[in-house]
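Presented below is the structure to which this report refers.
In what follows, chains carry the letters A, B, and so on, assigned in the order in which the sequence lines appear, proteins first and then strands, with residues in each chain numbered from 1. Computed from a prediction, not measured in an experiment: that's the story for all the values here.
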Amino acid sequence: MSEHLSEQEIVRREKLKEFERLGINPYPAELFEVNCNSNQILSEYNDELKNFQEVSIAGRLMAIRLMGKAAFAVIEDQHGRIQLYVSRNDLTVGEDATLFDEVVKKLLDIGDFIGVKGFVFKTRTGETTIHVKEFKFLGKSLRPLPIVKETKDEQGNVTVHDAFVDPELRYRQRYVDLVVNSGVRETFLKRTKMIQTIRDFLNEHGGLEVDTPVLQNIPGGAAARPFVTHHNALDVPFYLRIANELYLKRLIVGGFDFVYEFSRNFRNEGMDRTHNPEFTVLEFYVAYKDYFWMMDFTEKLFEKIAIALHGTTDVKVGDNIISFKAPFKRIGILDAIQEATGEDVSNMNEEQLRELCKKHRIEVDNSMGHGKLIDELFSELCEKKFVQPTFIMDYPVEMSPLTKKHRSKPGLVERFELMINGKELANAYSELNDPIDQRARFEEQAKLMERGDDEAMFIDHDFLRALEYGMPPVSGIGIGIDRLAMLMTNQPSIQEVLFFPQMRPEKTE
RNA sequence: GAUUCUGUAGCUCAGCUGGUAGAGCAAUACACUUUUAAUGUAUGGGUCUCGGGUUCGAAUCCCGACAGAAUCACCA
C-alpha cells in the first residue's frame, strides 16, 4: 500500500487529533443500542399517528448539509438511507455546544459512523426525517468515499450523478461499491434469497444438505483442468474439486435417498463474463428417480425461484422476457440440430459429421470423436437459439461417461441440459449405476486422454468400488448457481453476482 | 492466449494539430435553524499508471511493461 496520503486523507487524520483534544474517542468500544432501521421508519411512519417518537438508529454518514445553527444529514444503514435533522440547541448541554460546533460542523465527514436518538417527523417538503436529540460518534472514516448523488425529476425518474463505475475499482473494493452504489446490495440480497428459496424447496421435498471434500486426490465428476495443491504431512498432491458428483453418489450408495450440496468448484481455465475460477454449483441426487422426473422437478424449482424473486414467472433478462412457467420445452439434441440445420444427423458416421461441421465452418480436429462432433454442432449452431427455458435431451454416449445409456435409443444417454437465454444452466442424468459399464466408460476416457484429450476424466477406483456394492437407480443434476443468479438479477456478467470476483492481484510496491 | 479500447485530483470526466493541467462533486475557511445534486463567497489539492524513445519541449507521438473492459479462442 502506498504511503502517500492525499490532502483529504491528511485532513481526516488531523481530525483524529482534534477528537483526542476534545476527549471524544473516535472509535468507541461500547455498544450503541439500535431499536429500528431506516426502512422501517420510511415505510411505517405515520405523521398523524406520530409513531417512532423514540428511535435509536445508527449508520454511515452519506451526506451533510450545514445551515448555520442546524444541519441536515443522510445516514445509510443496511436497509437504506434516511435523513436526519440536527439543531445546535438540541445538542447543547448547558452552555456547551461543542458537540454541534466542533463535532457535527467540523469533524464529521462523509463515511463516518454515527448513532442518533430522536423522534421522526416530516419536513416542510414532506421528507420523513429524524429530529436528533442525542448524537454519538461511532467510527471515523479516514478515506474519502466516492460521492454519488441522485436527483429525481417530476416523473420520479432517478438520475445518478458521478456514479462509481470503474469496474476494476468496484470489484477490487466491493465494500465501497456496496456503500455508494444503490442496487448492488439488492443484487446480492436477491442472490441470497434465491439460494434460500432453493434450499427450502429441496428441504420440503426431503433433501438432506451435506458437505463433501473440497480437497480431492482424484478430481472427478467433470471434465476440466483442476487447481493442484500439496499436502505437506502426507506429501501428496491434492486437487481443488472441479465437481462433487462422485462424492454425492457415494452417499446415495450409503443409503441416503436425496442429498444436495451447494458446491464451490474450482477450475483452472480462462475467465470471462460467464466464468470465474471458483464458482458455485448446486448438485442434488434423488434415488429411484430418472431424468424425466428430474425435468419435472427442475421446472417446478425454477418456477418457484422466479416467483419468489419477482412475484411472477416472467423475468426480464436483457432484451428478453423469459417465462419460467412450467412446463419447459423438451427436445432431443439430434432433433435440435435437425431443426437448426435441416440435416438429419441421427444416422451419420464420424466422417459425415466432420463434413457437416466443415460445411458450417466449425473447426474440427482428429481427436474429436462422433459424440464430440455432435456436441460441437449443437453448441455452434443451436445453443444460442434457446432463449426460453428448454431441456435438450439425449446426448451421445461418448460425451457422458457418468450417464446411464438410453432405455430405447442406442448410442445415446439419458441426459438433459437446461438451456436458458442461450446458456447452459443445468445438466442432469439418469445416473449410471452399472459398475461394469462405468468401468468401461472410464476406460474409454483413459483412451481419450492418451489420444490427447486433456478434458477426459480420471478413473476413480474407489468410486467404482462403491458402485460395485450397489447404487440404486438415481437421477442427479448440477445447476450453475452463479449463472442462475445472473438470470434472476438481470446481470450480464458473473462478476456482478460474486461479491469478490477473481482478479489479478494488485501490485504491492 | 489474440485483437481492440481504456488508464489525468478522493470520485465522474474534459484536455484539438506536441507548448509545464481544467470542470463538477468531494475537501478547507466564512455566512446561513426545514434543506435535499442545499446555496453564496473565497481557497487548497496532480509522480497525467510505470519505464524507455523521438523532440528545444510529451498527459498528448512511438516502443515496452502493468492493470481493467469488450470481442474471440479456451472452458461439457
Check every strand shown and say whether [X] touches a base, only sugar-phosphate, or nothing at a heavy-atom separation below 4.0 Å.
{"X": "A:Phe164", "answer": "sugar-phosphate"}
{"X": "A:Phe266", "answer": "nothing"}
{"X": "A:Ala163", "answer": "sugar-phosphate"}
{"X": "A:Asp166", "answer": "sugar-phosphate"}
{"X": "A:Gly478", "answer": "nothing"}
{"X": "A:Gln83", "answer": "base"}
{"X": "A:Arg172", "answer": "sugar-phosphate"}
{"X": "A:Val74", "answer": "nothing"}
{"X": "A:Leu169", "answer": "sugar-phosphate"}
{"X": "A:Phe121", "answer": "base"}

Under 30°, 30 to 60°, or over 60°: which ring-plane class applies to [X] and [Y], parallel, tilted or perpendicular?
{"X": "A:Tyr291", "Y": "A:His406", "answer": "perpendicular"}
{"X": "A:Phe72", "Y": "A:Tyr85", "answer": "tilted"}
{"X": "A:Phe52", "Y": "A:Tyr45", "answer": "tilted"}

Which nucleotide in [options] has an atom nearest any side-chain atom of [X]:
{"X": "A:Lys69", "options": "B:U33, B:C75, B:A69", "answer": "B:U33"}
{"X": "A:Gln495", "options": "B:A69, B:U35, B:U33", "answer": "B:A69"}
{"X": "A:Pro167", "options": "B:A69, B:G10, B:C75", "answer": "B:A69"}
{"X": "A:Met67", "options": "B:U34, B:G68, B:C13", "answer": "B:U34"}
{"X": "A:Ser87", "options": "B:A69, B:A26, B:U33", "answer": "B:U33"}
{"X": "A:Asp162", "options": "B:U35, B:C74, B:G24", "answer": "B:G24"}
{"X": "A:Val11", "options": "B:U33, B:A26, B:U28", "answer": "B:U28"}

Quiz item: [X] side-chain donor-acceptor pair to [N] base, under 3.5 Å:
{"X": "A:Tyr85", "N": "B:U33", "result": "yes"}
{"X": "A:Asn89", "N": "B:U33", "result": "yes"}
{"X": "A:Thr123", "N": "B:U35", "result": "yes"}

Position toward the 5' end of RNA chain B (nearest nucleotide), A:Ala224 or A:Ser6: A:Ser6
5'-most by nearest nucleotide on RNA chain B - A:Ile64 or A:Lys372: A:Ile64
In whole angstrom, give the distance that lies between atom [atom1] of [X] and atom [atom2] of [N].
{"X": "A:His131", "N": "B:U33", "atom1": "NE2", "atom2": "C1'", "value": "10 Å"}
{"X": "A:His275", "N": "B:G1", "atom1": "NE2", "atom2": "P", "value": "17 Å"}
{"X": "A:Met271", "N": "B:G68", "atom1": "CE", "atom2": "P", "value": "8 Å"}
{"X": "A:Ile10", "N": "B:G46", "atom1": "CD1", "atom2": "P", "value": "9 Å"}
{"X": "A:Leu66", "N": "B:G40", "atom1": "CG", "atom2": "C1'", "value": "14 Å"}
{"X": "A:Ile494", "N": "B:A69", "atom1": "CD1", "atom2": "C1'", "value": "16 Å"}
{"X": "A:Ile110", "N": "B:A37", "atom1": "CD1", "atom2": "C1'", "value": "11 Å"}

Proximity of A:Phe386 and A:Phe328 rings by center, below 6.0 Å: no
Check: A:Tyr247 ring centroid to A:Phe463 ring centroid under 6.0 Å: no
A:Leu42 backbone acceptor or donor facing A:Asn39 side chain under 3.5 Å: no
Side-chain donor/acceptor of A:Asp112 to backbone N/O of A:Leu61, under 3.5 Å: no
Determine the interatomic distance between [atom1] on [N] and the same-named atom on [M]; round to the nearest Å.
{"N": "B:U49", "M": "B:A59", "atom1": "P", "value": "10 Å"}
{"N": "B:U3", "M": "B:G64", "atom1": "P", "value": "10 Å"}
{"N": "B:U60", "M": "B:G22", "atom1": "C1'", "value": "15 Å"}
{"N": "B:C50", "M": "B:A21", "atom1": "P", "value": "16 Å"}
{"N": "B:A29", "M": "B:U20", "atom1": "C1'", "value": "30 Å"}
{"N": "B:G15", "M": "B:A9", "atom1": "P", "value": "15 Å"}
{"N": "B:G19", "M": "B:A70", "atom1": "P", "value": "34 Å"}
{"N": "B:G45", "M": "B:U39", "atom1": "P", "value": "24 Å"}

Please confirm whether the shortest side-chain N or O distance from [X] to OP1 or OP2 of [N] is below 4.0 Å.
{"X": "A:Arg65", "N": "B:U35", "answer": "no"}
{"X": "A:Arg225", "N": "B:C75", "answer": "no"}
{"X": "A:Lys149", "N": "B:A38", "answer": "yes"}
{"X": "A:Arg504", "N": "B:C66", "answer": "no"}
{"X": "A:Lys15", "N": "B:U28", "answer": "yes"}
{"X": "A:Arg273", "N": "B:U71", "answer": "yes"}

B:U49: syn or anti, per glycosidic angle within 90° of 0: anti
A:Glu283 and A:Lys249: CA distance, side-chain angles, deciding distance, salt bridge (charged side-chain N to carboxylate O under 4.0 Å, His left out) verdict: CA-CA 10 Å; A:Glu283 292 206 19; A:Lys249 284 180 179 170; over 6 Å; no
Using distance only, find each side-chain donor-acceptor pair of residues 419-427 of chain A under 3.5 Å and give its atom names and separation, not counting sequence neighbours.
| from | atom 1 | to | atom 2 | distance (Å) |
| --- | --- | --- | --- | --- |
| A:Asn421 | OD1 | A:Asn320 | ND2 | 3.3 |
| A:Asn427 | OD1 | A:Arg415 | NE | 3.1 |

Hey, what are the protein-to-nucleotides 41-44 of chain B N/O distances that come in under 3.5 Å?
| from | atom 1 | to | atom 2 | distance (Å) |
| --- | --- | --- | --- | --- |
| B:G44 | O2' | A:Glu7 | OE2 | 3.1 |
| B:G44 | N2 | A:Glu7 | OE1 | 2.2 |
| B:G44 | N3 | A:Glu7 | OE1 | 3.2 |
| B:G44 | N3 | A:Glu7 | OE2 | 3.1 |

Side-chain H-bond candidate by donor/acceptor type, A:Asp290 with A:Ser430, under 3.5 Å: no
NZ (A:Lys384) with more than 12 external heavy atoms under 6.0 Å: no
A:Glu20, CD: over 12 other non-hydrogen atoms inside 6.0 angstrom: no
Per-pair stack call A:His161 and B:G24, 5.5 Å, 30°: no
Watson-Crick or G-U wobble partner of B:G1, both distances under 3.5 Å: B:C72
